[in-house]
Amino acid sequence: MTTHFINNQRVAGSSGDTIAVLDPSDGQTFAHIARGNAEDIRRAAVAARAAADGGAWSRLAPLERGRLLHKLSEAILAHHDELWQLEMRDCGKPVKQAKADATAVARYFEYYAGACDKLHGETIPYTPGYAVMTFYEPHGVTGHIIPWNYPMQIFGRSVGGALAAGNACVVKPAEDACLSLLRIAELAAEVGFPEGALNIVTGYGHEAGQALADAAGLDHISFTGSARVGTIIAQSAAKRHVPVTLELGGKSPQIVFADANLDEAVPVIVNAIIQNAGQTCSAGSRLLVEASVYERVLAAVGERIRALKVGPAAMDLDVGPLIRANQLDRVNGFLASVSESGARVVAQGSIVVNAPAAGFFAKPTLIADVSVDAPLACDEVFGPVLAAMPFKDEADAVRIANATEYGLVAGVWTENGGRGLRMARAVKSGQVFINNYGAGGGVELPFGGVKSSGYGREKGFEALYGFSVMKTVVVKHG
Ligand code: NAD
């Protein structure tokens, strides 16, 4: 689809240039998208402004806005097959994951549909003779920069919340994977979204993405992606005093105490690192284990990792391909450094023999004895690589858990309730799971980071506050 989507129409890019889209399962080009630039972003921002400021979108009652979001949710479910198949091919997601993502984006719009008419302000007791009330108002036009790892899900959580709060949106998806989002924007137009409420401009990050971050006429920017680019976005927005939500990377610890129920913990620990081939911001990529059960946990996790099969998305195996060649090089670079770092490879899964040679396949790998300050323990690998290390006691577990620049999610496994809560309070992260682990958890759960994992919250009702501005109105009635 070599067009943008602006004002409810497919629109050719102003340059006419395109970008090839590869299928990660075989490395072959299967589509092209428009290579957007600053002019395309400007057009989308103008369209959104016309919808937002006194336009058709802003005039809708919250109830009607909610009904449209609900219709979009239903349309997504009605096109579930088409959408998951697009996402599978575009991202290299195994069938089960692609289906789950298509279901999740519908669920985001369903959740936020019900929230539109429930975002209300307060009255505040003040000086006699005055009445004070607060209103949550939309920012106006919000910009959304989306990564390639979960295009539909992240679109749903970010754009769903922004639309529910009454904003009109300009979206710049990732150049690697954006086809499903163009289709969802078409569905929004079909179910009756007014022109300009939802606009999509495709293209490279340093071109269309940078143009969005720099664009006049945007009132808020939500960025999901790497910490490096998050800094660029925040700097650009700061020049115009535009608020920003940053959903960045993670190096999330899964912390296992000796009293943990290992039968429950081990499968969840493995899933938390292999889901989406490890290309998940909240992947549980560090395994911290109390020393007395360290070897036992390594053996149990290793046994499962060894059994994992990697192959093309359509084969729906345990793990699909990585998104592109340089991501595979990056993961293999980390693996090549293991032996000289003093760590050891405990187990690896296998790539099926009939996997296309040009696909971007990485073997799931468990690495033990990783030192706390090694790149494998500190840097986001963004692949199916789990770095394990022992800890002595609770205080040591907290120290190691907090020893990276990130703070997105953590998992704690213990049968001691007090310790679970103490750990949850002591670990610096946006979410903590005790005796379970969900990559970000359900739609209802506020999500976001601390430290270099970013700031602001998406998901849940909390997101609506970030996508709104509070206005205080003071009336003197005597
Ligand atoms: P990335 O930062 O390279 O790209 C993300 C998006 O930003 C893409 O749309 C890209 O085109 C755009 N972009 C790149 N350079 C830009 C620039 N100069 N100006 C404006 N936009 C630009 O990240 P990625 O490699 O696509 O995604 C992986 C990263 O995203 C990981 O760090 C991962 O942890 C993070 N992530 C975080 C969350 C979260 O919710 N916290 C969710 C998913 C991914």
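Counting convention: from 1, in listed order, for ligands and their atoms alike.
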- Query: Is there at least one pair of N or O atoms, one from G225 and one from ligand 1, spaced under 3.5 Å apart?
  - Reply: yes
- Item | Heavy-atom gap F223 to ligand 1 smaller than 4.0 Å | yes
- Query: Taking the six-membered ring for Trp, is the centroid-to-centroid distance between W57 and F193 below 6.0 Å?
  - Reply: yes
- Which of the ligand 1 atoms, numbered from 1, are nearer than 4.0 Å to a heavy atom of I233: 19 (N), 20 (C), 21 (N)
- Item | Which of the ligand 1 atoms, numbered from 1, are nearer than 4.0 Å to a heavy atom of I145 | 6 (C), 7 (O), 9 (O), 12 (C), 20 (C), 21 (N)
- Atoms in ligand 1 flagged as close to F447, the criterion being non-hydrogen separation under 4.0 Å: 39 (C), 40 (O)
- Task: Would you tell me which option among I146, L408, N276 has the nearest heavy-atom contact to atom 9 (O) of ligand 1?
- Result: I146
- Message: Quick check on contacts: which atoms of ligand 1 are under 4.0 angstrom from a heavy atom of P173?
- Response: 9 (O)
- Which atoms of ligand 1 are found less than 4.0 Å from any heavy atom of E247? 37 (C), 38 (C), 39 (C), 40 (O), 41 (N)
- Using a strict cut-off of 4.0 Å, indicate which atoms of ligand 1 neighbour a heavy atom of R157. 39 (C), 40 (O)
- Task: Please work out which of A213, S226, A208 has its closest non-hydrogen atom nearest to atom 23 (O) of ligand 1.
- Result: S226
- Message: Would S453 count as a polar contact of ligand 1, with the cut-off being nitrogen or oxygen pairs under 3.5 Å?
- Response: no
- Query: Taking 4.0 angstrom as the limit, do D219 and R49 come out as a salt bridge?
  - Reply: yes
- Query: Where does the angle between the aromatic ring planes of Y465 and F461 fall among parallel (under 30°), tilted (30 to 60°) and perpendicular (over 60°)?
  - Reply: perpendicular
- Query: Would K459 and E444 pass as an ion pair if we require N to O under 4.0 Å?
  - Reply: no
- Query: Would you find more than 12 non-hydrogen atoms of other residues, nucleotides or ligands less than 6.0 Å from K451 atom NZ?
  - Reply: yes
- Would you check whether Y204 has a nitrogen or oxygen atom less than 3.5 angstrom from a nitrogen or oxygen atom of ligand 1? no
- For D318 and K309, what are the C-alpha separation, side-chain angles and deciding distance, and is it a salt bridge (charged side-chain N to carboxylate O under 4.0 Å, His left out)? CA-CA 6 Å; D318 305 304; K309 297 274 176 274; over 6 Å; no
- Note on the structure: Under 4.0 Å from one or more heavy atoms of N149, ligand 1 contributes atoms 43 (C), 44 (C)
